[in-house]
Every structure is written in C-alpha cells, then in structure tokens.
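Below is one structure, written out as structure tokens, with a few remarks after it.
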Amino acid sequence: MTQPLLSISALTAGYGDFQALFGVDLALNSGETVAIIGANGAGKTTLMRTVTGIVRASAGAIVLDGAPVHTKAAPDILEMGIATVPEGRKLFPSLSVEENLLIGAHVRKVKGPWSLEAIYELFPILKDRRHQPGTALSGGQQQMVAVGRALMSNPRVLLCDELSLGLAPVVIRDIYAALPKIKASGASIIIVEQDIGQALKVADRIYCMMEGRI
Ligand code: ATP
C-alpha cells in the first residue's frame, strides 16, 4: 500500500480558546480529487487554513510526501507545493489580471505544466482581460484568476475553497470544467463544496464534516 500524498491525522485547531477542529483525519492520494462537504460552520475552511499554515494546529499532524507541514509557516508550505484558491478569491485589487497570475509564480519557481500561456488556454477570457484590474471582472472571472494564480506555482496539491460560492450555475459549470484538466496535469486536488451534486461530479472520494469532525 503506497502512502497518501497528503496525510492529515488527529488534527486539532481553532481560534484562541475556540476549538474548530476535533481530531480530523483525511488522506489525499497522488492524482486524486477529494471533496469535503458540510454545512456552514462545520470547519471546512478552518481545515484548509490549517493545511496552508494560516491557522496553526494545536495537535495532530499534516504530512506531505513524508515531510511535516504543520510545523511550517505559510510561505514555506506554499513552497513545498500546497497552493490554495481561498474562499472569496482574495485577488490583489490594485493589480491587473496578469499581475495577479504572476504573483502565483513569484512565490514558487518550479518547472511544471502551468505558465501564463497554459492558464490562458484553460480560461481564454482571462487573456482578453489580462490588462484589466482583477476587480473589474465578473465574480466567475475573478474565480478563474484565483484558480490560475494558485496553479502558477505548479502545486502538487491544490486546495479549492467553495469555488461556486455566489456564482451563477452556468459560470460554476465553466469553472468546474477546468478541474479534470487540472487533475490531468498531475495535481492532486481537495475541493471544499457545499453543493453535494457538484462534489459528486468531480470527486473520487468525499469526506463529510460536521461540527469540526469528519
Ligand atoms: P462556511 O461554509 O460558512 O465557510 P466552514 O465549514 O468553512 O463554513 P469554518 O469557517 O471553518 O466552517 O468555521 C468553523 C467554526 O470556526 C465556526 O464555528 C466559525 O464560527 C468559527 N470561525 C471561523 N473563522 C473564525 C475566526 N476567524 N475567528 C473565530 N472563529 C472562527
């Protein structure tokens, strides 16, 4: 049995005195797409934030290909190959679409399938809009920029937090259509999704979170 690429075990985390995660176990195998579903407040975003080093684990472990992640700072975790499409997109408002994308490549310079050209092939509308400020785009286009920015670091693991939040069904379809291509490029993917139907369409396995537990 081969080891999972990303392994989360007995993970506990929270905000100050408030505990949000209670001994979470999760495994992501190489080449897999895993979805995490669950109601508002279940702890999905906190789990993503703990994996990316924004929130510190108070107990348990996160291991990427044998290397501990939970002891590292956020920039080092990105450098190890874990990139995130954060909830709410969080584009840099003063930067153009292309500059937002380039930021993703700036932090982790490794050879891989993703370049500006490849992102523009994945989301052609971004090429037309590349000189516009990211914030001048529609919500769906902004989400494409956020996905592209994360991919520009050529991550081994891509975390996507609620890609479909606030978007129209036709736009969600376009964004989700990119996931199989991203998977085919070699990245392993975790998506957080409240829409179970959407999660079932793309995921190899699904974890359900409730009150900070799997
Ligand atoms: P949503 O779908 O609403 O994003 P979620 O499953 O991602 O929900 P989290 O955002 O991880 O859930 O929230 C888990 C718990 O942690 C909730 O009780 C929430 O109120 C709390 N929480 C989240 N962020 C913070 C914060 N910055 N400070 C304090 N408590 C927080």
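Please read all numbers here as calculations on a predicted model, not as lab measurements. Sequential numbering from 1 along the given sequence is applied to the chain's residues. Order of listing sets the numbers, starting from 1, for every ligand and every atom in it.
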Review point. From atom 10 (O) of ligand 1, is the closest protein heavy-atom distance below 4.0 Å?
Key: yes
Review point. Do the non-hydrogen side-chain atoms of Val69 and Val63 ever get within less than 4.5 Å of each other?
Key: no
Point to revise | Pair Asp65 + Arg156, salt bridge at N-O below 4.0 Å | key: yes
Check your understanding: What distance do Ile182 atom CD1 and Thr33 atom OG1 have between them, rounded to the nearest 0.5 Å?
Key -> 9.0 Å
Practice item. For Asp25 and Ser9, test the side chains for any donor-to-acceptor distance below 3.5 angstrom and give the result as yes or no. Key: no
Exercise for review: Under 4.0 Å, heavy atoms only, figure out whether ligand 1 is touched by the backbone of Met209, its side chain, both or neither.
Suggested key: neither
Practice item. Examine ligand 1 and decide if any of its atoms is less than 4.0 Å from a heavy atom belonging to Gly43. Key: yes
Review point. Roughly how far, to the nearest 0.5 Å, is CG of Asp174 from CD of Gln141?
Key: 10.0 Å
**Study point:** Interfacing atoms of ligand 1 (cut-off 4.0 Å, heavy-atom, Ala39)
**Key:** 6 (O)
Practice item. Would you check the N or O atoms of Ala42, main chain and side chain alike, for any that come under 3.5 Å of an N or O of ligand 1? Key: yes
Study note, to complete from the structure: Under 4.0 Å from one or more heavy atoms of Arg49, ligand 1 contributes atoms 24 (N)
Exercise for review: Report the nearest protein non-hydrogen atom to atom 6 (O) of ligand 1: residue, atom name, distance rounded to 0.1 Å.
Suggested key: Lys44 NZ, 2.7 Å
Practice item. Any atoms of ligand 1 less than 4.0 Å from a non-hydrogen atom of Ala20? List them with their elements. Key: 16 (O)
Check your understanding: Got Leu163 and Ile172 here, is their nearest side-chain heavy-atom distance under 4.5 Å?
Key -> no
Practice item. Check each atom of ligand 1 against the heavy atoms of Thr45 and keep those under 4.0 Å away; list them by number with element. Key: 4 (O), 5 (P), 7 (O), 10 (O), 11 (O)
Study note, to complete from the structure: Atoms of ligand 1 under 4.0 Å from any heavy atom of Glu87, numbered from 1 in the order shown, are 4 (O)
Check your understanding: For Ser164, which of Gln198, Glu193, Gln194 qualifies under side chain to side chain donor-acceptor pair (under 3.5 Å)?
Key -> Glu193
Revision key, fill the gap. heavy-atom search around atom 3 (O) of ligand 1 in the protein gives Asn40 OD1, 3.1 Å
Practice item. With atom 2 (O) of ligand 1 as the reference point, say which of Gln194, Met48, Glu193 has the nearest heavy atom. Key: Gln194
**Study point:** Protein contact to atom 8 (O) of ligand 1 [nearest heavy atom, distance to 0.1 Å]
**Key:** Gly41 N, 2.8 Å
Revision key, fill the gap. For Phe18, the ligand 1 atoms with a heavy-atom partner under 4.0 Å come out as 15 (C), 16 (O), 18 (O), 21 (C)
Exercise for review: Could you check if a side-chain atom of Pro86 sits within less than 4.5 angstrom of a side-chain atom of Arg149, using non-hydrogen atoms only?
Suggested key: yes
Exercise for review: Number the atoms of ligand 1 from 1 as they appear, then name those within less than 4.0 Å of a heavy atom of Thr46, with their elements.
Suggested key: 9 (P), 11 (O), 13 (O), 14 (C)
Point to revise | Value rounded to 0.5 Å, distance of NZ in Lys183 from CG in Asp204 | key: 3.5 Å
Point to revise | Donor-acceptor pair between Glu32 and Ser188 side chains, under 3.5 angstrom | key: no
Exercise for review: Around atom 26 (C) of ligand 1, find the nearest protein heavy atom and jot down its residue, atom name and distance.
Suggested key: Tyr15 CD2, 3.4 Å
